[in-house]
Structure formats: C-alpha cells, structure tokens
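Because only heavy atoms are used, hydrogens play no part in the values below, and waters and symmetry mates are left out as well, while side chains stay in.
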Amino acid sequence: GRVNGSLVGTAHPLVRAAFLSVAPLSATAAIVAAVDGWDGGVGGRIGWVCLTLVWAVAGAALLLRREQERLGLLVLWFALLAGAASLAAAIVEDGAGRDATALVQALTVALMPAAAMHLLLALPSGILGTRVAAFMVGSGYLIAAAVGVVLWTDRPSAPTWPVVLEALVAAAVGGHGAMTRYRAARLAERRLRHWVALAIAAATEVVLVASALHVLVGRRNFELPAFR
C-alpha cells in the first residue's frame, strides 16, 4: 500500500480506539455543558450540541474508512475543539478553575477557524499537498493561538471582532485553496469534497452569524462566561 495512505489503520488497535474515542468524548462534553447551562441561551446550547455531534459522527465515520483516516482525524480535531469550548464555558460559569478554564475556552474558540481552514486546505485526502498550504496552516494555528491568548488577557470584556476577522480570513484562504484543488480533482474526489466543504461552510456560518447577532444587538463582547 501507499506509505502515507494510512495513518491509523497500520497502528495498534488501541491507537485507533483512542482516536475514535474522541467522537463520544467531544459529544459528551457538549451535552454535559448544555445540561449544566453555560450562558449561551437554550437555542445556542442546542445548536452547539448539534454542531459537535455532526462533526463527531462524521469524523468517526471517516476514520473507519482507511482511505479517509487522515481526513477523519481533522474532522475529529474540530469536534474536540467544539466540545472542549462548551465544557470550559460551563466550568467557568460554575466558578471552578476560572483562570485555567478561561484560557482553554479562549484558545479552543480561537483555534476553531484555523482548524476549519486546515480541513479545507487538506481536502479530500486529509494531507496538505504543498509547502504553501502547510505554511498557511501553520501560520493560521500560530495566529489563532495568539488571538486566544489576547482574548484571555483582555477578559472580562474581550471583543468579538478578532475571532470574526480570523474566521473570515480562514474561510477565504481555505475556500480558495479548496476550490483550486477541487477543479483538479477526479469526480469521486469532487463528490466527497463537496459534502465536506458544505459542512465546514455551515459551521463557519454558525460562528459568523452568532457573532454578528451579538454585535447587532449591541453586545460587542463575547457572551461566553469566561469573557464577561
């Protein structure tokens, strides 16, 4: 077989099980956070649970297909960030480990756009095809981490616009890269790329619309407990 074609399939079964466990753990984290009642409103909590569930299930399904393992890992990475962000919000809302969990929340929220861009640029195989793409993804994660630290430092009134700007840039760069590879892909690859791109677009849209609504109603700061 291909040297780089399988990352998890040739590993020990426990390694595969560990990766697969990210799916239920992420979903459980989002559900526990929603039940606990982090300050996102009932609709926001339900929407976040659905978002995490969709990504967790999709990631596990891709991971079970040997030719899509790498892509599955990236999808599970996004699900893990979503679950961790909501769980951190719930813990902070309860007043436990405020500084540490506030940092986790800030970093996970800021890293989600970078993770989405990574997935877009890695379609359809889950492998970054060029050095430019690898540089863009590495830079994206570094910038996202810096944004997360800034949000954590600026609490309790961290602004929304850095994450919105980050999401817009990530969507533009990732979308352009995905379309470039889409035009050169075979028909079967195009079908897979189409559905994954739709999922990423929907997830990004949720983040952007939610942020825009906060701004429109005059709430220009993050409503998550860690940033109040």
Side-chain angles (χ1 to χ4, degrees), residues 1-11 15-16 18-23 26 51-52 54-85 107-148 163 166-208:
R2 293 175 301 171
V3 175
N4 295 324
S6 178
L7 180 67
V8 183
T10 57
V15 175
R16 174 185 285 274
F19 283 124
L20 285 173
S21 69
V22 172
S26 301
L51 172 71
T52 308
V54 167
W55 283 86
V57 172
L62 288 170
L63 193 61
L64 290 173
R65 300 179 60 186
R66 177 161 299 190
E67 67 277 10
Q68 298 299 336
E69 286 173 347
R70 291 177 181 269
L71 189 62
L73 290 175
L74 294 180
V75 175
L76 286 176
W77 167 231
F78 188 92
L80 179 62
L81 289 174
L107 288 174
T108 50
V109 168
L111 284 170
M112 286 178 68
M117 182 181 72
H118 186 178
L119 183 50
L120 276 172
L121 291 176
L123 288 173
S125 63
I127 301 173
L128 297 172
T130 65
R131 291 183 179 180
V132 173
F135 174 78
M136 295 302 296
V137 169
S139 300
Y141 279 121
L142 287 176
I143 293 172
V147 169
V163 175
E166 184 193 349
L168 288 171
V169 173
V173 173
H176 175 73
M179 287 304 301
T180 299
R181 296 186 70 177
Y182 179 85
R183 295 189 184 98
R186 296 190 300 270
L187 180 59
E189 291 178 337
R190 285 189 176 189
R191 289 173 180 169
L192 173 64
R193 194 184 301 248
H194 174 70
W195 289 109
V196 176
L198 282 178
I200 296 172
T204 304
E205 191 72 14
V206 168
V207 175
L208 294 178

key: Verdict with reasoning, L119 to F78, per side-chain contact (heavy atoms from CB on, under 4.5 Å)   = CA-CA 9 Å; L119 183 50; F78 188 92; 5.7 Å; no

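- Contacts of V169 classified as side-chain contact (heavy atoms from CB on, under 4.5 Å), with partners at least two apart in sequence or in another chain: L165, V173.
- Residues R16 and L64 are in side-chain contact: their nearest non-hydrogen atoms beyond the backbone lie under 4.5 Å apart.
- When all heavy atoms of L74 and A122 are compared, the closest pair comes out as CD1-CB, 3.6 Å.
- Here the closest heavy-atom approach between residue L63 and residue F19 is recorded as CD2-CB, 3.6 Å.
- Across all their heavy atoms, A23 and L76 have their closest contact at CB-CD2, 3.8 Å.
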Just distance, no hydrogens or angles: give the donor-acceptor pairs under 3.5 Å from side chains in residues 107-118, sequence neighbours left out.
unit_1	atom_1	unit_2	atom_2	d
T108	OG1	V104	O	2.9
T108	OG1	Q105	O	2.9
H118	ND1	Y141	OH	3.0

Acceptor/donor pairs from residues 126-135 side chains to any protein atom, 3.5 angstrom cut, sequence neighbours excluded:
unit_1	atom_1	unit_2	atom_2	d
T130	OG1	A133	N	3.0

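- Side chains of L62 and L73 form no contact here, defined as non-hydrogen atoms less than 4.5 Å apart.
- A60 and L20 make their closest contact through O-CD2, 4.0 Å (heavy atoms, listed as atom of the first residue, atom of the second, distance).
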